[in-house]
Amino acid sequence: MAEHSEESVLTEEIQQKPRGHDSSSSLSSDSDAEKPGPSPSAKVAPYRLFSRERPVHQVLGSGRIADVVLWRNKKISAGVLSGATAIWALFELVGYHLLTLICQGLMLSLLVLFLWSKAYTLINKSPPRIPEVNISEEQAIEVAFNMRNEMNRASAVLREIALGQDLKKFLAVIAVLWILSTVGSSVNFLTSVYTTFMTLLTVPVLYEKYEDKIDASAEKAMTAIKQQYAVFDAKVVSMIRRGPLKAKKH
């Protein structure tokens with residue numbers, strides 16, 4: 001009887017083991033099924049000009065300057081554009097000079113304020129309040145600190161280009177300088193500044209409006225430029241790099 005009871009216990013344990021294995025396998029299969037797999041329709045990030053990841057408004061600083069440049073407040077943007085156009089017309093069309101305009105503007109302002117304050121004293125009223133403009137030491141130090149950082153950064157970039165460490169940057173700087181010299185030989189400094197100002201008030205807002213179309217065209221253009229640069233690198237730059245090595249061998 002004891003042997004028969006032991007055999008029955010062993011048979012029950014053998015029968016329970018595969019059941020436990022089946023239950024654990026079913027749990028693991030259920031957990032595997034619950035795990036989220038890679039979505040088949042994963043969206044690829046679209047190409048953006050200058051590899052930017054933020055909207056244009058945030059790239060420009062998200063402040064008042066960005067609002068003016070992107071025409072968030074049309075009245076202020078139109079006023080700035082009208083003022084710049086009026087100043088350009090005074091210098092270019094009327095023939096005013098900068099020093100003459102500044103002196104005459106100061107003369108007119110001082111004359112108006114002087115007569116205004118004398119008129120108020122004659123009628124026994126307090127003269128007009130002219131606000132005091134004081135630049136604090138902290139503001140002056142902050143401006144000087146920012147200028148120093150920008151000058152050091154520009155000096156480091158120019159040194160890197162001059163040492164030939166980045167050929168792409170060297171070619172880009174040469175192209176920009178050549179374009180500026182060509183533009184400067186055909187137009188004067190004031191017209192070039194006014195053209196730059198007009199570009200800042202028109203190009204960003206147009207880019208923000210037609211962003212997708214411009215980015216698609218820019219992607220095609222960058223692909224073509226990279227292909228041409230690869231050919232130039234293989235035919236010209238590689239030969240320049242091999243020159244010093246051959247000279248060392250001889």
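Since we're looking at a predicted model, the values are computed, not measured.
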*asked:* What's the separation between atom CG in Asp215 and atom OH in Tyr210, rounded to the nearest 0.5 Å?
replied: 15.0 Å
*asked:* Restricting to non-hydrogen atoms, name the atom on Phe91 and the atom on Leu101 that form the minimum distance, rounded to 0.1 Å.
replied: CZ-CD2, 3.5 Å
*Just how far is it from atom CD1 of Ile65 to atom CG of Leu70, taken to the nearest 0.5 Å?*
11.5 Å
*Does the side chain of Trp71 come within less than 4.5 Å of Leu81's, by heavy atoms?*
yes
_Looking at Leu158, I want to see if its CG is surrounded by more than 12 non-hydrogen atoms of other residues, nucleotides or ligands under 6.0 Å._
yes
*Quick one: do Glu92 and Asn188 satisfy side-chain contact (heavy atoms from CB on, under 4.5 Å)? Show the steps, please.*
CA-CA 10 Å; Glu92 288 296 320; Asn188 58 11; 2.7 Å; yes
*Closest non-hydrogen atom pair between Leu206 and Ile214, with its separation*: O-CD1, 4.2 Å
*Which value, rounded to the nearest 0.5 Å, describes the distance between Leu201 atom CG and Thr196 atom OG1?*
11.0 Å
*Cluster partners of Val193, using ILVMFWY side-chain heavy atoms under 4.5 angstrom, listed by chain and number?*
Phe189
*Can you name the side chain to side chain donor-acceptor pair (under 3.5 Å) partners of Thr100, sequence neighbours left out?*
none
*Considering only Ile, Leu, Val, Met, Phe, Trp and Tyr, and joining two whenever side-chain heavy atoms are under 4.5 Å apart, list the other residues clustered with Leu99.*
none
*Tell me the salt bridge (Lys or Arg N to Asp or Glu O under 4.0 Å) pairs involving residues 56-76, sequence neighbours left out?*
Arg72-Glu208
*Are Leu163 and Arg159 close enough, and set up right, to give a side-chain contact (heavy atoms from CB on, under 4.5 Å), and what steps lead you there?*
CA-CA 6 Å; Leu163 293 176; Arg159 182 177 181 276; 3.6 Å; yes
*asked:* Count I, L, V, M, F, W, Y as connected when their side-chain heavy atoms are under 4.5 Å apart, and connections chain through other members. Are Leu177 and Leu171 then in the same cluster?
replied: yes
*For Leu108, what are the other residues in its hydrophobic cluster, where any two members join if their side-chain heavy atoms are less than 4.5 angstrom apart?*
Val112
*What distance separates Trp88 CH2 from Leu93 CG, expressed to the nearest 0.5 Å?*
5.0 Å
Give every donor-acceptor pair under 3.5 Å between a side-chain atom in residues 133-156 and any protein atom, sequence neighbours left out.
residue, atom, partner, partner atom, Å
Ser136, OG, Gln139, N, 3.3
Asn146, ND2, Glu142, O, 3.2
Asn149, ND2, Phe145, O, 3.4
Asn152, ND2, Arg148, O, 3.2

*Is Val80 reachable from Leu200 through a run of I, L, V, M, F, W or Y residues, each pair having side-chain heavy atoms under 4.5 Å apart?*
no
*Establish whether Leu180 and Met198 are linked, either directly or via other cluster members, by ILVMFWY side-chain heavy-atom contacts under 4.5 Å.*
no
*Determine the minimum heavy-atom distance between Ile76 and Val68, stating which atoms define it.*
CG2-CG2, 3.8 Å
*Calculate, to the nearest 0.5 Å, the distance between atoms OH and CG belonging to Tyr96 and Leu90 respectively.*
7.5 Å
*If you measure from CD1 on Ile174 to CD1 on Ile179, what distance do you get to the nearest 0.5 Å?*
11.5 Å
*Close side-chain approach of Tyr194 and Ile87, heavy atoms under 4.5 Å*: no
